[in-house]
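The basis for the numbers below is simple: all heavy atoms, side chains too, and nothing from hydrogens, waters or symmetry mates. As the structure is a computational prediction, the values presented were derived from the model and not from experiment. Indexing begins at 1, ligand by ligand and atom by atom, following the structure's order.
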Amino acid sequence: MSLLKAKLASQIPNLRERVRNLGKNYGSKVISEVTVEQILGGMRGVKSLICDTSEVGLDTGLIIRGIPILELTEKLPEEIFWLLLTGELPTEEERRDLKNDLSNRAELPSYIWNIIRSFPADAHPMSMLTACITAMEYESQFRREYDKGLKKDLYWEYTLEDCLNLIAKLPGLAAAIYRTRFNKGDVIKSKPELDWGADYAYMLGVSEDNQEWYDLMRLYMVLHSDHESGNVSAFTSHVVGSALSDPYYSLAAGLNGLAGPLHGLANQECLKFVLALIEHFGGVPTDDQLRQLSKERLDKGLVIPGYGHAVLRVTDPRFTAFINFGKKYIPDDPRFIVVEKLFNIVPQLLIEQGKAKDPWPNVDAASGALLYHYGLTEVEYYTVVFSVSRALGICSQLVLSRAMGEPITRPKSVTTAWLEKEVLK
Ligand code: HAX
């Protein structure tokens with residue numbers, strides 16, 4: 001048994017006991033109320049989900065298992081995966097065991113190559129990614145065992161198997177999509193001695209001499225790994241997983257949500273915005289030019305991509321981590337300069353406009369400028385990079401949901417007429 005599985009097997013009985021106790025002793029206790037505004041507003045802030053992997057405070061940003069994200073920026077993504085699942089950082093022996101396990105599972109099934117090649121030349125890389133993940137559902141051990149008759153107690157074990165296979169295969173799959181879709185030449189085979197994030201960069205075609213790029217990829221994978229469970233992608237995966245659809249179906253469903261411009265696709269939109277500004281002004285614009293153009297955009301009713309957040313009310317610490325990286329390594333890059341300038345201008349404009357509840361930058365405002373600098377200039381691919389990272393959190397949440405024995409998700413909807421009547425009571 002792998003060290004990760006053994007660790008989880010030792011922790012899960014206690015987790016189950018805590019959940020059982022809560023249900024048995026406090027089942028009818030009220031912990032939250034729902035207002036009409038919340039029903040009309042995308043269930044914003046309604047406390048109705050359990051997520052132990054991470055939490056996002058209004059004024060703190062992402063905290064993974066009690067550790068603020070800015071204290072985790074030097075960690076490897078596989079260490080974060082272990083942390084998300086178990087609540088502890090792995091020892092060196094545990095990390096190595098996990099990495100070896102992932103390397104042994106990394107090979108892609110042979111049928112995937114024809115599928116990747118069958119897409120239209122200008123297909124969106126996100127549709128290629130989620131279609132391929134769905135196609136790989138053929139590999140699901142959870143589904144095979146469930147069909148044979150799987151005891152509920154063992155659901156988590158086969159969910160973990162599927163999740164480990166997915167996480168092991170995703171960098172190779174995502175890199176193959178990149179190289180095929182953008183005509184980069186032959187697919188590059190994994191180099192198992194590299195860590196998980198560096199191996200992804202290697203398979204994209206980044207030279208091993210370019211350690212800064214490898215560091216950026218590790219940081220990127222860490223920062224995007226999780227953001228509690230109410231966001232569109234994690235919540236969607238959770239709902240689909242609650243029907244006992246296996247992790248391939250669940251992850252693909254969630255990532256289809258990540259592909260929306262108000263969620264993960266915002267990283268593509270942000271860099272497009274920055275590039276358009278530079279092109280429009282023939283170089284880095286002045287502060288006045290930036291202010292003017294951003295204001296015009298707001299006046300047209302368009303959003304400024306990379307600003308605002310459904311949950312945060314401060315500068316996203318993940319944005320700060322990217323800015324720190326950029327200041328250290330690429331302070332003179334024109335795209336990075338524009339990102340910094342926008343940070344000094346946009347929040348004030350959003351405050352003056354008075355609509356956005358959070359005028360501060362989110363993670364997507366900075367990430368694209370860094371990827372672009374290191375040669376990943378195909379903006380349509382950015383959400384795929386995000387997806388590879390976010391799979392760490394989504395998969396961890398799926399394993400823990402099955403371990404806790406969570407039931408099928410089924411909130412109650414009401415009709416508009418019912419609501420109209422109810423508010424008058
Ligand atoms: N620019 C202009 N207007 C904005 C805005 C922005 N960046 N952010 C919010 N607003 C507007 C909303 O469009 C809304 O306007 P209407 O009342 O006219 O509909 C109003 O301010 C209130 O919105 P809100 O309550 O502050 O924001 P929501 O919780 O509804 O939405 C969003 C949060 C992130 C979707 C929103 O801020 C947005 O569209 N931002 C730009 C896109 C973006 O950066 N998305 C990435 C978010 C991070 C993420 O999930 N990454 O994966």
| task | Give the protein residues with at least one non-hydrogen atom closer than 4.0 Å to an atom of ligand 1, ordered by chain and number. | result | Arg44, Leu262, His263, Gly264, Ala266, Leu298, Leu302, Val303, Ile304, Pro305, Gly306, Tyr307, Gly308, His309, Ala310, Leu350, Lys355, Ala356, Lys357, Asn362, Asp364, Phe386
| In Å, rounded to the nearest 0.5 Å, how long is the span from CG of Asp199 to CG of Leu102? | 10.5 Å
| message | Just to verify, what does Lys421 make a side-chain contact (heavy atoms from CB on, under 4.5 Å) with, not counting sequence neighbours? | response | none
| field | Under 3.5 Å donor-acceptor, Ser389 side chain and Met221 backbone | value | yes
| query | What do the steps show when you test Ser140 against Asp162 for side chain to side chain donor-acceptor pair (under 3.5 Å), and what is the final call? | reply | CA-CA 6 Å; Ser140 174; Asp162 280 1; 2.6 Å; yes
Enumerate donor-acceptor pairs with a distance under 3.5 Å from any side-chain N or O in residues 40-48 to protein atoms, sequence neighbours excluded.
unit_1, atom_1, unit_2, atom_2, d
Arg44, NH1, Gly41, O, 3.2
Arg44, NH1, Gly42, O, 3.4

Would you list the atom pairs, donor with acceptor, under 3.5 Å between side chains in residues 290-314 and any protein atom, with sequence neighbours excluded?
unit_1, atom_1, unit_2, atom_2, d
Arg291, NH1, Asp288, OD1, 3.0
Gln292, NE2, Glu296, OE2, 3.1
Ser294, OG, Leu290, O, 2.8
Lys295, NZ, Asp299, OD2, 3.4
Arg297, NE, Val303, O, 2.6
Arg297, NH2, Val303, O, 2.9
Tyr307, OH, Phe343, N, 3.2
His309, ND1, Val311, N, 2.9
His309, ND1, Leu312, N, 3.2
Arg313, NH1, His309, O, 2.8

